[in-house]
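Residue numbers start at 1 and run along the sequence shown. For the numbers below, each heavy atom of this structure counts, side chains included, while hydrogens, waters and symmetry mates do not.
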Amino acid sequence: MDEEYDVIILGTGLKECILSGLLSVDRLKVLHMDRNDYYGGESASLNLNQLWKKFRSSSSPPTHLGSSRDYNVDMSPKFMMANGALVRVLIHTDVTKYLYFKAVDGSYVYNKGKIHKVPTTDMEALKSPLMGIFEKRRARKFFIYVQEYLETDPKTHDGLDLTRITAKELFTKYGLDDNTVDFIGHALALYRDDHYLCEPALETVKRIKLCAESLARFQGGSPYIYPLYGLGELPQAFSRLSAVYGGTYMLNKPDCKVTFDEEGKANGVTSEGETARCKKVVCDPSYLPNKVKKIGKVSQAICSMSHPILHLIIFSFIFIVA
């Protein structure tokens, strides 16, 4: 470790691993360290033993939960849009050769006390109870407009400037009712609240187009894909890319401390009595707690279910983020 590097990176979260891979490809000498004995940081996928160690360090998981290796629990659970920016980054950097993906079979919405599948084909749309027959005709016209819309081609704008009119005004123009607006805004555009209705409509249209393009890309039952062995595979894939191009990795390195020169510039990292010098340091905020300011927090619960949820048997784990 007592060497000099171009860059030292602390933490193996997704952002840190992407940077590590790209800098190594650019022939920089990179040292990548993590206090944990696994890759991923806050975006890791943990087996059962790792999960228990992280949250209940003084106990072991109950034997009735089965083998630890049967579990890959995401610390930051989310799906990936099949045609989203992250997928394009994976393809561009060629790290897809280290990954296996599965198309998500379907997505669902909760409406009026029932769970409904988000329609992905014309036949599903016709049978779906989410919209009435006349509302479906109005929604169809809206979706045709969205799919044909090109930001650089005014001929597709139908005389509308989406940077000036709000999403609510766009929906009103096509006569969509409140239930349809809720469905489009939350199930397709994936907004968490209704603030988007008072903002320019362009971003909403882009989100709906992304959903449609993602749905068409792999011809699945939803616009989402997911790494077969959990989201923790993503940072590991970029770590492999870095290693192929000469990057050095050190896991389970406790008490990593950034050192500074007389001018206050980071010039190295110390761990276990050894110091590595460098020109630049990149790290996640937890390695420099005195240099960052907390502006919010996320509350997350991971629940292991011993039985299926009523009317919904496709989940064995539920993640609640507030």
Side-chain angles (χ1 to χ4, degrees), residues 1-47 50 54 72-81 84-102 225-260 265-288 291-292:
M1 179 173 164
D2 291 316
E3 298 181 39
E4 185 165 341
Y5 297 84
D6 292 311
V7 182
I8 297 178
I9 299 178
L10 302 179
T12 53
L14 180 57
K15 294 187 291 295
E16 291 80 28
C17 287
I18 290 176
L19 287 172
S20 177
L22 296 179
L23 292 172
S24 297
V25 169
D26 208 28
R27 300 301 179 184
L28 294 181
K29 189 176 181 180
V30 176
L31 172 62
H32 203 153
M33 305 167 65
D34 197 307
R35 63 170 70 94
N36 299 309
D37 60 359
Y38 53 83
Y39 291 93
E42 295 305 315
S43 55
S45 297
L46 304 184
N47 62 38
Q50 292 169 332
K54 182 176 179 67
N72 279 302
V73 182
D74 290 333
M75 293 297 95
S76 301
K78 60 187 69 178
F79 290 137
M80 300 164 56
M81 279 289 189
L86 180 55
V87 171
R88 294 198 294 271
V89 168
L90 296 174
I91 293 172
H92 178 75
T93 54
D94 201 29
V95 298
T96 49
K97 60 188 176 185
Y98 305 123
L99 297 163
Y100 296 93
F101 288 92
K102 185 184 186 308
I225 60 174
Y226 181 79
L228 195 57
Y229 302 106
L231 288 171
E233 288 290 292
L234 299 180
Q236 287 193 58
F238 283 100
S239 298
R240 294 188 185 103
L241 177 67
S242 176
V244 166
Y245 284 88
T248 301
Y249 277 80
M250 294 184 182
L251 298 182
N252 205 20
K253 297 291 287 184
D255 302 320
C256 292
K257 295 181 179 179
V258 180
T259 60
F260 298 87
K265 296 181 180 179
N267 63 359
V269 173
T270 298
S271 177
E272 298 180 310
E274 297 180 298
T275 300
R277 298 297 175 186
C278 63
K279 300 172 184 175
K280 296 182 185 298
V281 173
V282 176
C283 64
D284 76 44
S286 67
Y287 286 90
L288 287 174
K291 299 282 186 180
V292 296

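- Proximity of Leu90 to Leu234: side-chain heavy atoms (C-beta onward) are separated by under 4.5 Å at one or more points.
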Under 3.5 Å, sequence neighbours excluded: what are the donor-acceptor pairs made by side chains of residues 37-44?
from, atom 1, to, atom 2, distance (Å)
Ser43, OG, Leu14, N, 3.3
Ser43, OG, Gly40, O, 2.8

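- Applying the side chain to side chain contact (heavy atoms under 4.5 Å, CB included) test to Cys256 and every residue at least two apart in sequence or in another chain returns Leu10, Met33, Lys253, Val269, Ser271, Tyr287.
- Here the OH-CZ distance, from Tyr226 to Phe101, works out to 11.0 Å after rounding to the nearest 0.5 Å.
- In this structure, a donor-acceptor pair under 3.5 Å is present between the side chains of Thr12 and Asp34.
- Distance alone, capped at 3.5 Å, places no donor-acceptor pair between the Glu233 side chain and the Gly230 backbone.
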**OP:** Could you check Cys283 against Leu288 for side-chain contact (heavy atoms from CB on, under 4.5 Å), going step by step and ending with a plain yes or no?
**Re:** CA-CA 8 Å; Cys283 64; Leu288 287 174; 3.7 Å; yes
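- Residues satisfying the salt bridge (Lys or Arg N to Asp or Glu O under 4.0 Å) criterion with Lys280, sequence neighbours excluded, are absent altogether.
- With a 6.0 Å radius and a threshold of 12 heavy atoms from other residues, nucleotides or ligands, Phe260 has its CZ atom above the threshold.
- Side-chain contact between Tyr245 and Leu28 is absent, with no heavy-atom pair separated by less than 4.5 Å.
- Here ring pair (Phe, Tyr, Trp, His ring centres under 6.0 Å) pairs that include residues 11-33, with residues two or more places apart or in two chains, are His32-Tyr249.
- In this structure Thr259 satisfies the side-chain hydrogen bond (donor to acceptor under 3.5 Å, both in side chains) test together with Asn267, Arg277, sequence neighbours excluded.
- Atom-to-atom distance recorded for Lys257:NZ and Thr275:OG1 is 11.0 Å, nearest 0.5 angstrom.
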Show the atom names and distances, to 0.1 Å, of all donor-acceptor pairs under 3.5 Å that link a side chain in residues 236-244 to residues at least two apart or in another chain.
from, atom 1, to, atom 2, distance (Å)
Ser239, OG, Pro235, O, 2.9
Ser242, OG, Ser20, OG, 3.0
Ser242, OG, Ser24, OG, 2.8

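- Qualifying salt bridge (Lys or Arg N to Asp or Glu O under 4.0 Å) partners for Lys265, counting only residues two or more places apart in sequence or in other chains: Glu263.
- Under the side chain to side chain contact (heavy atoms under 4.5 Å, CB included) rule, Leu31 has a single partner from Val281, Ile8, Ile9, which is Ile8.
- Screening residues 23-33 for salt bridge (charged side-chain N to carboxylate O under 4.0 Å, His left out), with sequence neighbours left out, gives Glu3-Lys29.
- Using a 4.5 Å heavy-atom threshold, the side chains of Asn252 and Asn36 count as separate.
- Applying the side chain to side chain contact (heavy atoms under 4.5 Å, CB included) test to Val87 and every residue at least two apart in sequence or in another chain returns Met80, Ile91, Arg217, Ile225.
- The minimum heavy-atom distance between Glu16 and Gly11, with the atom names listed, is CB-O, 3.1 Å.
- Contact of the Leu231 side chain with the Ser76 side chain is not registered, since no non-hydrogen atoms from C-beta on lie closer than 4.5 Å.
- Residues passing the salt bridge (Lys or Arg N to Asp or Glu O under 4.0 Å) test with Lys102 are Asp105, sequence neighbours excluded.
- Annotation: the span from Leu228 atom CG to Asn72 atom CG amounts to 9.0 Å, rounded to 0.5 Å.
- Under the rule for a side-chain hydrogen bond (donor to acceptor under 3.5 Å, both in side chains), the partners of Lys279 that lie at least two apart in sequence or sit in another chain are Asp6.
- Sorted by first and then second residue, the pairs that involve residues 85-95 and meet salt bridge (charged side-chain N to carboxylate O under 4.0 Å, His left out), not counting sequence neighbours, are Asp94-Lys97.
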